[in-house]
Amino acid sequence: MVLVIGHRGAAGYEPENTMRSFRRAVELGCHMLELDVHLARDGELVVMHDETVDRTTNGSGRVSGMETGELMKLDAGKGERIPLLTEVLDVFGGACDLNVELKGRDTSGPAAELLVSYIDKGAWKREALLVSSFSPVELKDFSELGTGIPAAVLIDGIPHGAEEFAVELGCAAVHPNHLHLEPDFVRTCHDLGLRVNVWTPNTREEMGRCLRMGVDGLITDLPDTALEMISLHGSDP
Ligand code: G3P
Ligand code: CA
């Protein structure tokens with residue numbers, strides 16, 4: 001089954017990385033939510049893409065320089081506030097799988113500890129979680145913690161060697177940029193037992209091209225379009 005992974009929730013419809021966006025993605029039928037995490041100054045994991053709050057909220061400043069309380073006062077769009085990772089875990093356990101992207105520095109340890117605590121209390125299944133990062137350091141640190149939570153190597157440019165790094169770390173998947181995806185890479189990854197989830201195809205043409213190459217997941221701002229394209233796949237995506 002090809003997974004539909006809601007990029008920052010349903011970022012094509014709602015303010016990215018907000019509870020509103022995650023609810024919308026689930027309503028649209030996505031199988032997994034994708035979100036980004038940074039550490040606030042007090043060590044709380046907050047759901048935010050950028051290093052600063054400037055682009056996505058009515059505030060300004062670095063996330064790592066602000067206390068959670070300060071971050072919570074900001075408007076992240078349509079009156080939504082920045083979610084804590086714990087809030088997402090509390091609400092969506094059992095409803096949808098979750099891809100946590102370690103975006104900020106030093107997030108691997110706190111994320112591992114938090115996710116394991118949710119697994120231990122039975123609120124999340126280990127296989128329903130997927131931790132990814134562009135940062136080889138965060139990903140290596142995460143894998144060395146031995147949580148058993150599936151992990152994925154994120155790649156931006158041409159993905160030379162990413163599959164070898166993924167195997168070395170014991171990852172379950174690679175997450176390449178769809179713009180650099182080639183059929184040979186997908187085949188090689190599959191031969192190595194790695195799933196291939198691509199980001200961020202948002203047009204029907206982009207999704208169709210990825211599906212024809214045999215990807216395992218579409219990380220997209222438009223989960224409904226992705227579901228439609230997947231249902232067409234096999235006829236003429
Ligand atoms: O995780 C896939 C995708 O989200 C990576 O790029 O910049 O949207 O975090 P970005
Ligand atoms: Ca991301």
Side-chain angles (χ1 to χ4, degrees), residues 2-19 21-22 24-25 28 30-39 45-57 63-64 76-77 82-85 88-89 92 96-105 107-108 111 115 128-139 142-143 149-159 162-163 165-166 169 171-181 185-186 189 194-203 206-207 210 213 215-223 225-226:
V2 180
L3 291 183
V4 175
I5 305 169
H7 184 235
R8 311 180 197 173
Y13 300 113
E14 301 292 353
E16 68 178 55
N17 280 330
T18 61
M19 294 301 273
S21 184
F22 301 137
R24 182 73 180 270
L28 291 172
C30 81
H31 307 110
M32 178 181 273
L33 297 169
E34 188 266 357
L35 54 76
D36 310 280
V37 292
H38 282 269
L39 282 178
L45 282 164
V46 295
V47 181
M48 168 68 61
H49 181 275
D50 299 359
E51 284 183 1
T52 75
V53 299
D54 301 31
R55 179 180 62 85
T56 56
T57 77
V63 179
S64 61
I82 299 168
L84 306 177
L85 181 56
V88 178
L89 291 165
F92 294 103
C96 201
D97 291 355
L98 184 65
N99 174 199
V100 176
E101 183 187 338
L102 305 176
K103 192 66 101 180
R105 285 180 60 175
T107 46
S108 55
L115 296 176
L129 295 164
L130 180 61
V131 169
S132 61
S133 189
F134 285 110
S135 162
V137 174
E138 293 304 325
L139 214 48
F142 183 82
S143 72
I149 296 169
V153 175
L154 265 163
I155 316 127
D156 193 351
I158 297 167
E163 69 279 24
F165 183 55
L169 294 190
C171 288
V174 289
H175 289 186
N177 183 333
H178 78 96
L179 295 172
H180 299 292
L181 194 69
F185 178 73
V186 178
C189 289
L194 296 163
R195 292 176 67 86
V196 180
N197 303 318
V198 280
W199 56 278
T200 313
N202 281 329
T203 67
E206 290 167 347
M207 292 175 191
C210 294
M213 280 189 259
V215 300
D216 304 286
L218 300 172
I219 305 172
T220 178
D221 294 336
L222 305 172
T225 306

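Whatever order the structure lists them in is the order used to number ligands and atoms, beginning at 1. The first residue in the sequence is number 1, and the count goes up from there.
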Undergrad: With no hydrogens and no angle check, do the side chains of Ser132 and Glu101 hold a donor and an acceptor under 3.5 Å apart?
TA: no

Undergrad: OG1 of Thr56 to CE of Met48: how many Å apart, nearest 0.5 Å?
TA: 4.0 Å

Undergrad: Considering both backbone and side-chain atoms of Glu34, is one of its nitrogen or oxygen atoms within less than 3.5 Å of a nitrogen or oxygen in ligand 1?
TA: yes

Undergrad: Roughly how far, to the nearest 0.5 Å, is the CG atom of Leu154 from the CG atom of Asn177?
TA: 10.0 Å

Undergrad: With heavy-atom distances below 4.0 Å as the criterion, list the atoms of ligand 1 near Lys103.
TA: 7 (O), 9 (O), 10 (P)

Undergrad: Quick one: does His49 get within less than 4.0 Å of ligand 1, heavy atoms only?
TA: yes

Undergrad: Under the side-chain contact (heavy atoms from CB on, under 4.5 Å) test against Trp199, which residue among Asp221, Ile155, Asn99, Asp156 passes?
TA: Asp156

Undergrad: Report the part of His7 in contact with ligand 1, treating N, CA, C, O as backbone and CB onward as side chain, heavy atoms under 4.0 Å; options are side chain, backbone, both, neither.
TA: side chain

Undergrad: Apply the test salt bridge (Lys or Arg N to Asp or Glu O under 4.0 Å) to residues Arg105 and Glu51: give CA-CA distance (whole Å), side-chain angles for both, the deciding distance (0.1 Å), then the verdict.
TA: CA-CA 10 Å; Arg105 285 180 60 175; Glu51 284 183 1; over 6 Å; no

Undergrad: Regarding ligand 1, does Asp36 bring an N or O atom to under 3.5 Å of one of the ligand's N or O atoms?
TA: yes

Undergrad: Taking C-beta and beyond as the side chain, do Met32 and Phe92 meet within less than 4.5 Å on heavy atoms?
TA: no

Undergrad: Nearest 0.5 angstrom please: Leu35 CG to His7 NE2, how far?
TA: 10.0 Å

Undergrad: Give the atoms of ligand 1, by number and element, whose distance to some non-hydrogen atom of Phe134 is under 4.0 Å.
TA: 5 (C), 6 (O)

Undergrad: Polar-atom distance check: Arg8 versus ligand 1, any N or O pair below 3.5 Å?
TA: yes

Undergrad: With side chains defined as the heavy atoms from C-beta onward, is the minimum distance between Val215 and Asn197 less than 4.5 Å?
TA: no

Undergrad: Do Leu139 and Val153 make a side-chain contact, defined as non-hydrogen atoms from C-beta onward lying under 4.5 Å apart?
TA: yes

Undergrad: Counting no waters, what protein N/O/S atoms lie under 3.0 Å from the Ca ion (ligand 2)?
TA: Glu34 OE2, Asp36 OD1, Glu101 OE1

Undergrad: Kindly confirm or rule out an N or O of Ser132 lying under 3.5 angstrom from an N or O of ligand 1.
TA: no

Undergrad: Please confirm whether Glu101 comes within less than 3.5 Å of ligand 1 when only nitrogen or oxygen atoms on both sides are compared.
TA: yes

Undergrad: How many angstroms lie between OG in Ser108 and CG in Leu102, if you round to the nearest 0.5 Å?
TA: 6.5 Å

